[in-house]
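Okay, so here's the structure we're looking at.
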Amino acid sequence: MVGIIADSTCDLSQDLLEKYQVAILPLHILLGEDEYEDGRDIRPEEIYRWSDEHGLTPRTSAPSMESAAALFQEVSAKYEEIICFSISGQMSTSGNVMQLAAQEAGISRHVTVIDSENLSTGIGLLVVEAAIMAQAGRSAREIADRMAELRPQVRASFVVDTLVYLHRGGRCSGLAAMLGSTLHLHPQIVVENGRMHSAKKYRGSLEKALAAYARDLEPLMRRARKERVFITHSGCSPETVDTVRDYLRQLGIFDEILETRAGGVISSHCGPGTLGILFIENNA
């Protein structure tokens with residue numbers, strides 16, 4: 001049997017982690033001199049409060065070698081092989097830490113580390129597919145080969161409510177943040193080839209922006225794998241999420257529409273009010 005590990009940036013809910021038997025390796029979040037484990041001992045609301053009080057974006061870092069090695073030892077006691085998923089190597093050294101920790105634990109022969117080339121539930125989509133294969137008795141090699149096929153088909157994008165957090169993290173200029181606030185601009189951030197880039201900008205209220213964003217994605221979603229789609233957000237109102245869900249439901253494309261809340265690392269950089277629609281395109 002194959003055990004599945006993902007770092008905490010996969011943003012899967014606790015229900016999904018339990019359903020698919022996925023173990024989580026937390027990245028770290030640093031608020032000044034204080035260090036926390038993502039998803040373990042700090043909530044996004046605490047991160048937003050600290051960021052607003054200090055005018056800074058928290059620093060984030062890869063998991064520690066010690067915690068990674070300990071998790072590998074724990075999971076290897078139950079499974080013959082392990083598949084690990086990390087956030088894009090362009091964004092973090094999480095995958096490198098996993099590789100080194102497997103060597104440290106003396107089980108590198110039994111561990112396959114996959115660079116998702118993505119973030120948030122862009123990773124989560126792959127994790128769920130791998131877990132389903134593992135539960136069906138597929139080998140680590142079969143799973144890794146399938147993930148290599150699916151990875152470029154993942155469609156991950158988000159609409160950001162405020163540019164303030166991106167500015168604090170050095171991802172947009174102060175002028176752009178000021179103009180974005182003044183003009184009520186909401187950029188669409190797309191993940192491609194392991195990197196984030198700004199696609200188009202929506203103007204008006206967040207609700208109006210998200211409606212336009214969902215409509216723009218419809219041609220791609222018409223070519224999506226039907227099994228599932230994620231709505232992942234960093235603290236949107238239930239009404240806002242319900243509006244997006246209702247739109248996806250009336251399209252009649254997906255068997256399952258899953259809502260998850262972005263964890264601390266993702267929320268640290270995008271700020272509150274960010275929402276993404278993530279799915280796998282069917283290129284068959």
Side-chain angles (χ1 to χ4, degrees), residues 2-29 36-45 47 60 62-63 67-68 71-72 74-75 78-79 82-88 91-92 94-95 98 112-136 143-144 146-147 150-151 153-158 191 224-225 227-236 241 244-245 248 254-270 274-280:
V2 177
I4 306 295
I5 294 175
D7 74 32
S8 60
T9 61
C10 70
D11 288 346
L12 293 176
S13 66
Q14 189 60 39
D15 286 348
L16 290 173
L17 295 176
E18 292 175 3
K19 177 179 179 180
Y20 293 109
Q21 300 176 39
V22 177
I24 291 295
L25 180 63
L27 273 73
H28 290 197
I29 299 168
Y36 302 89
E37 288 190 330
D38 185 19
R40 297 274 175 87
D41 50 14
I42 190 166
R43 297 179 297 111
E45 287 76 16
I47 294 170
T60 56
S67 60
L71 181 59
F72 284 146
E74 177 185 337
V75 175
K78 303 175 185 176
Y79 299 95
I82 300 173
I83 294 276
C84 304
F85 290 87
S86 72
I87 187 173
S88 170
M91 303 176 189
S92 171
S94 177
M98 289 177 171
T112 302
V113 177
I114 296 175
D115 179 347
S116 71
E117 296 184 0
N118 223 298
L119 53 71
S120 189
T121 44
I123 310 169
L125 286 159
L126 295 176
V127 172
V128 169
E129 292 289 338
I132 291 171
M133 292 183 69
Q135 291 176 357
I143 295 171
R146 182 58 176 153
M147 294 307 104
L150 289 178
R151 183 169 52 190
Q153 299 173 26
V154 173
R155 301 293 171 252
S157 62
F158 302 83
V191 184
R225 291 182 49 148
E227 287 86 356
R228 66 192 59 83
V229 61
F230 278 101
I231 302 171
T232 299
H233 63 94
S234 63
C236 292
V241 177
V244 175
R245 182 187 291 107
L248 295 180
F254 299 102
D255 295 337
E256 192 173 29
I257 300 171
L258 298 166
E259 175 190 348
T260 70
R261 177 73 186 265
V265 169
I266 303 301
S267 297
S268 292
H269 297 289
C270 68
T274 296
L275 183 143
I277 298 172
L278 304 95
F279 53 93
I280 298 177

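All values below come from the heavy atoms of this structure, side chains included, with hydrogens, waters and symmetry mates left out. Position 1 is the first residue of the sequence, and the numbers go up from there.
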## Note on the structure
Sorted by chain and number, sequence neighbours left out, salt bridge (Lys or Arg N to Asp or Glu O under 4.0 Å) with Arg261 holds for Glu45

#### Entry: Qualifying residues under salt bridge (Lys or Arg N to Asp or Glu O under 4.0 Å), relative to Arg146, sequence neighbours excluded
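Checked Arg146 against salt bridge (Lys or Arg N to Asp or Glu O under 4.0 Å); matches are Glu149.
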
If you measure from [atom1] on [X] to [atom2] on [Y], what distance do you get to the nearest 0.5 Å?
X      : Y      : atom1 : atom2 : answer
Arg43  : Ser267 : CZ    : OG    : 11.5 Å
Thr121 : His233 : OG1   : NE2   : 10.5 Å
Ile4   : Leu17  : CD1   : CG    : 12.0 Å
Ile5   : Glu74  : CD1   : CD    : 8.5 Å
Leu278 : Leu125 : CG    : CG    : 6.5 Å
Arg245 : Leu258 : CZ    : CG    : 9.5 Å

Looking only at heavy atoms, which two atoms of [X] and [Y] are closest? And how far apart?
X      : Y      : result
Ala224 : Phe279 : CB-CD1, 3.6 Å
Gly124 : Phe230 : C-CE1, 4.4 Å
His269 : Val265 : CD2-O, 3.2 Å
Met98  : Ala6   : CE-C, 4.4 Å
Asp38  : Gly263 : OD1-C, 3.8 Å
Val241 : Cys236 : CG2-CB, 4.0 Å

### Message
Check this for me, if you would: do Arg151 and Glu129 make a salt bridge, where the nitrogen-to-carboxylate-oxygen distance has to be below 4.0 angstrom?
### Response
no

### Summary
Those residues at least two apart in sequence (or on a different chain) that pass side-chain hydrogen bond (donor to acceptor under 3.5 Å, both in side chains) with Ser120 are Asp11

### Query
By side-chain hydrogen bond (donor to acceptor under 3.5 Å, both in side chains), which residues pair with Gln21, not counting sequence neighbours?
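Applying side-chain hydrogen bond (donor to acceptor under 3.5 Å, both in side chains) to Gln21 gives Tyr79.
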
### Query
Under a 4.5 Å cut-off applied to non-hydrogen side-chain atoms, are Ser94 and Pro63 in contact?
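Yes, their side chains come closer than 4.5 Å.
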
### Message
Is there a side-chain contact between Phe85 and Leu126 in this structure, where contact means two heavy atoms from C-beta onward sitting under 4.5 Å apart?
### Response
yes

### Results of side-chain contact (heavy atoms from CB on, under 4.5 Å) for Asn118 - residues two or more places apart only
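So Asn118 forms a side-chain contact (heavy atoms from CB on, under 4.5 Å) with Ser116, Ile123, Val154, Ala156, Val191.
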
### Query
Sequence neighbours excluded, which residues qualify as side-chain contact (heavy atoms from CB on, under 4.5 Å) partners of Glu227?
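Glu227 satisfies side-chain contact (heavy atoms from CB on, under 4.5 Å) with Arg225 only.
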
### Task
Could you go through the side chain to side chain contact (heavy atoms under 4.5 Å, CB included) check for Asp115 and Ser88 one step at a time?
CA-CA 6 Å; Asp115 179 347; Ser88 170; 4.3 Å; yes

### Task
Could you point out which residue of Ser8, Ser67, Ser86, Cys10 forms a side-chain contact (heavy atoms from CB on, under 4.5 Å) with Leu25?
Ser67

### Sole candidate of Ile47, Leu27, Ile42 that passes side-chain contact (heavy atoms from CB on, under 4.5 Å) when paired with Tyr36
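Of the listed options, the one satisfying the test is Ile42.
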
### Message
Quiz question: by atom type and distance under 3.5 Å, do the side chains of Thr9 and Asp7 form a donor-acceptor pair?
### Response
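Short answer, yes.
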
### Message
Please tell me whether Ser268 and Thr60 have a donor and an acceptor in their side chains that are separated by less than 3.5 angstrom.
### Response
no

### Query
What's the verdict on side chain to side chain contact (heavy atoms under 4.5 Å, CB included) for Leu12 and Val128, showing C-alpha distance, side-chain angles and the deciding distance?
CA-CA 9 Å; Leu12 293 176; Val128 169; 4.3 Å; yes

### Task
Verify side chain to side chain donor-acceptor pair (under 3.5 Å) between Ser13 and Thr260, making sure each step is shown before the conclusion.
CA-CA 6 Å; Ser13 66; Thr260 70; over 6 Å; no

